[in-house]
Amino acid sequence: MAHLGVFEQLRNKESLDGLVEDAIVWATAHGLVMVPAKAEPASAVCHAPIALTPVPYPRDTFVRAKSAAEDFSLLMDAVARDEEYLVRTLSPVAKHDDFVARQLGVLQRTAAERAQHRASENVISHLRSDYMLHEPTSSLLQVEINTIGVSFACLGSKTAGLHRHLLGRLGGSEADAERLPGNEALTGLVDAIGAAVRSYEAAARSAEARDSPAVVVMRNLYDQQWVQLGLWERHGVRTLRRTLAQLAAQAALAERRGDGARALTVDGERVAVVYYRAGYVPDDYLDPERDWAARELVERSDAFKLPSVAYQLAGAKKVQQDLATPGRVEAFFAATATDAEAARAARALVRSFFAGQWAPGEPEAHEAVADALARPEAYVLKPQREGGGHNLYGAALRAKLAEGGEALGAYVLMQRIAPPIHRAVLLRDGAAREADTLSELGVYSVLVRQGGRIVLSQGAGHLVRTKTADSDEGGVAAGYGVLDSPILV
Ligand code: ADP
Ligand code: MG
């Protein structure tokens with residue numbers, strides 16, 4: 001437990017059991033809770049899976065990751081705007097991946113309609129860029145960038161609160177407390193939606209004065225309910241919780257306005273933002289024809305889509321791999337930059353986080369594929385899926401690569417990042433266990449744009465997830481990891 005300061009004395013000062021109980025009580029009393037995977041949403045909540053003590057994190061690395069938040073927002077915004085690029089990059093994937101094909105289909109069928117009101121288009125993004133320290137080179141490398149269903153902003157902020165509480169209980173000093181950084185993730189995400197609603201109202205008012213518009217949330221489990229509460233408490237914005245099936249039955253497009261745009265109504269209510277906290281895995285589309293048609297209808301409206309299909313596609317792992325090829329990031333920053341020097345600094349910073357990534361079916365990947373067949377433990381093979389549990393490692397990776405063939409076009413081969421291992425106590429379902437662990441840092445950023453005008457663009461807090469060193473996947477909801485917070489060293 002090097003560098004943990006007062007937490008190092010944990011076992012001398014307190015019985016672990018006492019502290020574990022205190023942590024669980026604090027968590028449940030402060031809403032650091034989740035619905036167990038198999039329970040019905042309203043029926044039972046349990047403390048979220050958490051690390052008892054914060055993870056030591058190099059301060060300069062943490063600061064550097066946070067300083068790149070806005071650059072990643074601008075990069076992904078440029079990528080999402082370049083629909084031809086998305087089609088070109090993802091069409092080969094879509095041949096072997098129906099989920100990507102569905103998204104591309106929506107993008108292409110709605111393109112002409114969207115082009116008519118580009119100048120006033122409503123765009124919002126919540127991103128989370130995930131990183132791991134790569135110990136052999138002491139660098140911070142990006143695991144992936146998420147553009148849909150970006151989660152744990154609230155529970156992550158609360159985990160920092162828990163660690164601050166435990167620090168106090170253990171008699172930590174002010175200097176110790178200063179090493180636990182504040183985390184504005186929840187308010188950051190909520191305020192971006194609030195800003196989008198206000199922008200929507202301002203634009204609509206000049207076209208037609210009406211009642212305040214609502215926000216529609218595609219519901220999943222617990223974490224996003226904090227966003228709903230925050231929207232009401234901080235912005236007086238109402239939310240309607242709907243499933244994709246309900247959306248299919250209740251969503252409609254209003255008459256075309258003078259500027260060619262069409263408002264979205266759900267159950268007769270005007271909607272400013274559609275916030276997808278479901279819809280990033282194929283299983284969310286219970287009736288694919290019906291549910292994809294609902295998404296397409298939303299896509300044709302002037303509501304802010306959080307995210308649009310273009311943004312969802314921009315977050316594909318294939319796009320991330322393509323962005324790592326020389327020249328790509330540079331071209332996208334050139335497209336957005338107003339200041340050449342700032343653009344140069346931004347692309348150097350962004351590029352510094354890229355791990356080795358290859359398209360395993362392409363000739364340029366020949367060497368990497370040969371190396372991965374020989375040393376599969378040094379690589380990860382990723383399909384185009386979100387939410388954890390889909391990546392291939394070790395023998396499965398080797399077998400898939402050895403199969404070869406065109407279907408490999410739907411995969412990305414990635415350098416395996418090797419983070420430092422630290423000892424930690426993990427709490428899950430009321431039980432504590434000590435284990436060798438490794439951690440992943442996520443940095444949130446938000447952007448709101450109306451046509452060419454950026455209404456809001458900023459970093460918005462962070463998230464640390466910790467998992468046992470022997471598990472390949474890291475998803476908290478999927479049961480692999482726990483929520484954590486950094487203590488800066
Ligand atoms: P998902 O969309 O399923 O979250 P990720 O790319 O984030 O996909 O991969 C899931 C998990 O797998 C990550 O949280 C991380 O723990 C692990 N992982 C992914 N890529 C790498 C990598 N290049 N090196 C080491 N671990 C990785
Ligand atoms: Mg991930």
Side-chain angles (χ1 to χ4, degrees), residues 49 51 55 72 93 97 99-100 103 126-137 139-153 156 220 223 276-284 307 311-321 323-324 353-358 360 368 371-372 375-394 396-397 410-421 426 435-444 462-484:
V55 54
F72 272 111
V93 173
D97 186 320
F99 192 58
V100 173
Q103 295 169 57
H126 284 174
L127 302 184
R128 200 188 66 223
S129 179
D130 290 336
Y131 306 92
M132 279 175 167
L133 288 163
H134 187 52
E135 205 171 32
T137 55
S139 44
L140 188 70
L141 298 179
Q142 189 178 51
V143 174
E144 65 156 345
I145 188 157
N146 300 281
T147 60
I148 181 164
V150 162
S151 62
F152 292 124
N220 64 357
D223 181 68
Y276 292 98
R277 285 303 299 268
Y280 51 86
V281 290
D283 284 355
D284 287 343
Y311 256 88
Q312 186 174 356
L313 287 166
K317 292 175 172 71
K318 174 67 195 173
V319 169
Q320 192 187 333
Q321 176 262 317
L323 288 174
F353 296 113
F354 289 166
Q357 293 180 76
W358 303 267
D371 192 41
R375 300 186 308 134
E377 67 283 359
Y379 294 86
V380 182
L381 190 62
K382 299 184 176 189
Q384 310 302 309
R385 284 293 170 276
E386 303 294 328
H390 307 288
N391 298 338
L392 301 181
Y393 300 87
L397 175 154
Y411 288 80
V412 165
L413 181 64
M414 187 171 185
Q415 163 196 359
R416 182 148 193 184
I417 308 168
I421 289 176
L426 311 180
D436 283 337
T437 64
L438 42 87
S439 298
E440 185 167 345
L441 170 70
V443 175
Y444 297 96
H462 58 270
L463 169 75
V464 175
R465 287 169 300 168
T466 290
K467 64 175 184 176
T468 50
D470 57 12
S471 89
D472 290 325
E473 295 285 336
V476 174
Y480 303 108
V482 301
L483 299 167
D484 204 341

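Read the numbers this way: they start at 1 and go in the same order the structure lists the ligands and their atoms.
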Q) Between CZ of F354 and CD of Q142, what distance do you get to the nearest 0.5 Å? A) 6.0 Å
Q.
Can you tell me how far apart OH (Y311) and CD1 (I148) are? Round to the nearest 0.5 Å.
A. 13.0 Å
(Q) Restricting to N, O or S, what is the name of the atom of E144 that lies nearest the Mg ion (ligand 2)? (A) OE2
Can you confirm whether [X] sits close enough to [Y] that some side-chain heavy atom of one is under 4.5 Å from a side-chain heavy atom of the other?
| X | Y | result |
| --- | --- | --- |
| I145 | F72 | yes |
| V281 | R385 | no |
| Y393 | V380 | yes |

Considering distance alone, does some N or O of [X] sit under 3.5 Å from an N or O of ligand 1?
| X | answer |
| --- | --- |
| K467 | yes |
| K317 | yes |
| H390 | no |
| M414 | no |

Is it the side chain, the backbone, both or neither of [X] that has a heavy atom closer than 4.0 Å to ligand 1?
| X | result |
| --- | --- |
| E386 | both |
| N391 | side chain |
| I417 | both |
| E440 | side chain |
| Y393 | side chain |

Under 4.0 Å from a heavy atom of [X]: give me the atoms of ligand 1 that qualify, with their elements.
| X | result |
| --- | --- |
| R416 | 24 (N), 25 (C) |
| R385 | 2 (O) |
| V380 | 21 (C), 22 (C), 23 (N), 24 (N) |

Any donor-acceptor N or O pair under 3.5 Å, side chains [X], [Y]:
| X | Y | value |
| --- | --- | --- |
| T437 | T468 | no |
| Q320 | K317 | no |
| N146 | Y280 | no |

Q | Sidechain-backbone polar pair: T466 side chain, S439 backbone, donor-acceptor under 3.5 Å | A | no
Q: Consider ligand 1: state whether an atom of it lies below 4.0 angstrom from any non-hydrogen atom of M132.
A: yes
